Amino acid sequence: MVGVTMTSFALKTVKAIMCYMMLPIMTFLIFLFFVLKYNTYLRTRWFAWFHSNIWNPVAEIFMFEMKREHFKGLQTIVSHDPDLRKEETIRILEIGAAHGCNLEFYPNNSRFIGVDPNPHFSFYFHKAHNLKKNRHVVVEQLLCCGAEDMKDIPDNSVDTVTSTYVMCSVTSIQETLKEILRVLTPGGKYYFFEHVVFPKETWRKMIQEKFEPIWTVFFAGCKITRSPVSYIDRAGFSHVTYETSYPLFVPIVCRPHLVGVATK
């Protein structure tokens, strides 16, 4: 009887604390929403910090195996560059390099070029690259620019382009794919790993549509109702393979995943 009473008391205490904390938390989130919505500088700085320190460390616990499986094909690519071919390595361009969360999946001695429009990721990227697990990658360039205009990267100069959760926030998917095709060497591979919209006329898609205006503010313009699959199919690649999955450990608003490889 005493045990039941103590359990009941504990549950009521937890409930009271949660109710007490709910109002200040909601007030803070509403305040933060409007600050981020109307201040571009703070929004980009917030996203770099939040993505690097909160969101991605948690996500990587669940996404590690999916990413490792997806990127294992990089180990078999032969470089178009004769010098890199002698060294048995390749040159990789990552769009949306962020804080270097994919470095650990790249082959030893890979030559790396990172592109990201958010300048505040640079600090977190260098911090991640200094970690022992990521020192096998040789960073050639870090460029602060959009994927739609990578003019500093020569034509036919990279063996592989990678993107994870990028097509949701680029200004133009079509222009981004044109740039990817331009910089890839003949036979080069584009590895994409993207969250996409649920099928039409489903209640899950309706949730995405309702939640997107809030999501885009907290996640620096990320659109959860996009899907690049039709654009990739029509972009001009010689061969495209992909599959759609619905990992249960991913929040429902970004659960559908499009994972594939396109060959120039």
Side-chain angles (χ1 to χ4, degrees), residues 47-48 50-77 89-116 118 121 124-139 142 147 158-170 173 176-177 180 184 188-197 219-220 222 224 226-229 232 237 240-263:
F47 183 63
F50 179 75
H51 186 276
S52 303
N53 294 289
I54 307 296
W55 178 264
N56 201 72
V58 174
E60 285 304 295
I61 294 173
F62 301 102
M63 305 303 292
F64 181 84
E65 288 301 327
M66 280 186 69
K67 282 191 174 184
R68 184 168 66 175
E69 179 68 20
H70 175 56
F71 287 123
K72 72 178 183 179
L74 294 174
Q75 304 291 338
T76 63
I77 292 177
T89 189
I90 58 175
R91 178 168 287 111
I92 299 172
L93 164 65
E94 181 172 353
I95 297 172
H99 68 283
C101 48
N102 293 324
L103 292 176
E104 62 183 304
F105 302 108
Y106 296 153
N108 286 336
N109 209 29
S110 297
R111 302 306 197 270
F112 178 88
I113 301 172
V115 168
D116 202 292
N118 188 333
F121 269 122
Y124 301 107
F125 180 91
H126 288 296
K127 186 177 179 181
H129 184 243
N130 286 332
L131 296 177
K132 185 177 181 180
K133 66 177 181 179
N134 294 329
R135 291 177 189 166
H136 65 289
V137 175
V138 179
V139 178
L142 278 182
V158 298
D159 301 300
T160 304
V161 175
T162 65
S163 72
T164 55
Y165 307 133
V166 168
M167 291 300 177
C168 56
S169 56
V170 296
I173 295 177
T176 297
L177 291 171
I180 290 172
L184 274 174
K189 306 283 187 179
Y190 168 43
Y191 281 72
F192 51 93
F193 191 103
E194 304 285 343
H195 65 77
V196 295
V197 68
F219 288 85
C222 170
I224 50 180
R226 277 187 181 178
S227 178
V229 62
I232 295 173
F237 291 99
V240 180
T241 60
Y242 54 80
E243 60 180 21
T244 303
S245 62
Y246 300 84
L248 295 177
F249 47 78
V250 177
I252 192 170
V253 293
C254 54
R255 182 167 295 167
H257 275 59
L258 180 73
V259 181
V261 181
T263 305

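Since the model is a prediction, treat every value here as computed from it, not as a measurement. FYI, side chains are in, hydrogens and waters are out, and symmetry mates aren't considered; it's all heavy atoms of this structure. Sequence positions, counted from 1, serve as the residue numbers for this chain.
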A.B. asks: List for me each residue that meets side chain to side chain contact (heavy atoms under 4.5 Å, CB included) alongside Thr76, sequence neighbours excluded, and say none if there are none.
C.D. replies: none
A.B. asks: Return the minimal non-hydrogen interatomic distance between His129 and Val137, and the atom names on each side.
C.D. replies: NE2-O, 2.8 Å
A.B. asks: Could I get the full list of side chain to side chain contact (heavy atoms under 4.5 Å, CB included) partners for Asn108, not counting sequence neighbours?
C.D. replies: His136
A.B. asks: Go through the structure and list residues passing salt bridge (charged side-chain N to carboxylate O under 4.0 Å, His left out) with Glu65, not counting sequence neighbours.
C.D. replies: Arg68
A.B. asks: Could you pull out all residues at least two apart from Arg111 that satisfy side chain to side chain contact (heavy atoms under 4.5 Å, CB included)?
C.D. replies: Leu84, Glu87, Thr89, Arg91, Asn109, Val138, Glu140
A.B. asks: Side-chain contact, heavy-atom cut-off 4.5 Å: Met167 with Leu177?
C.D. replies: yes
A.B. asks: What's the shortest heavy-atom distance between Ile232 and Phe237, and which atoms?
C.D. replies: O-CD1, 3.7 Å
A.B. asks: Where is the tightest heavy-atom contact between Ser169 and Arg226, given as atom of each residue plus distance?
C.D. replies: N-NH1, 3.7 Å
A.B. asks: Given side chains that start at C-beta, do those of Phe125 and Ser52 come closer than 4.5 Å, heavy atoms only?
C.D. replies: no
A.B. asks: Do Tyr124 and Asn53 have side-chain heavy atoms sitting under 4.5 Å apart?
C.D. replies: yes
A.B. asks: Please identify each residue that fulfils ring pair (Phe, Tyr, Trp, His ring centres under 6.0 Å) with Phe121, with sequence neighbours left out.
C.D. replies: Phe47, His51
A.B. asks: Any chance the rings of Phe193 and Tyr191 have centres within less than 6.0 Å?
C.D. replies: no
A.B. asks: Which atoms form the tightest heavy-atom contact between Leu74 and Ile90, and what is the distance?
C.D. replies: O-CD1, 3.9 Å
A.B. asks: Relative to the ring of Phe219, is the ring of Trp55 parallel (under 30°), tilted (30 to 60°) or perpendicular (over 60°)?
C.D. replies: perpendicular
A.B. asks: Is there a side-chain contact between Ile92 and Val158, using heavy atoms and a 4.5 Å cut-off?
C.D. replies: no
A.B. asks: Is it the case that the ring center of His257 lies less than 6.0 angstrom away from the ring center of Tyr165?
C.D. replies: yes
A.B. asks: Of all heavy-atom pairs between His195 and Cys168, which one has the smallest distance, and what is that distance?
C.D. replies: NE2-SG, 3.5 Å
A.B. asks: Under 3.5 Å, is there a donor-acceptor pair between the Asn102 and Thr164 side chains?
C.D. replies: yes
A.B. asks: Where do Phe192 and Ala262 come nearest, in terms of heavy atoms and distance?
C.D. replies: CE2-N, 3.9 Å
A.B. asks: For salt bridge (charged side-chain N to carboxylate O under 4.0 Å, His left out), just list the numbers for Lys67 and Glu104, CA-CA rounded to whole Å, side-chain angles, deciding distance to a tenth of an Å, and then say yes or no.
C.D. replies: CA-CA 10 Å; Lys67 282 191 174 184; Glu104 62 183 304; over 6 Å; no
A.B. asks: Where the side chain of Glu194 meets the backbone of Val166, is there a donor-acceptor pair that is under 3.5 Å apart?
C.D. replies: yes
A.B. asks: Assess the side chains of Thr160 and Tyr106: does a donor N or O sit below 3.5 Å from an acceptor N or O?
C.D. replies: no
A.B. asks: Please enumerate all residues that pass side-chain hydrogen bond (donor to acceptor under 3.5 Å, both in side chains) together with Asp159, with sequence neighbours excluded.
C.D. replies: Ser79
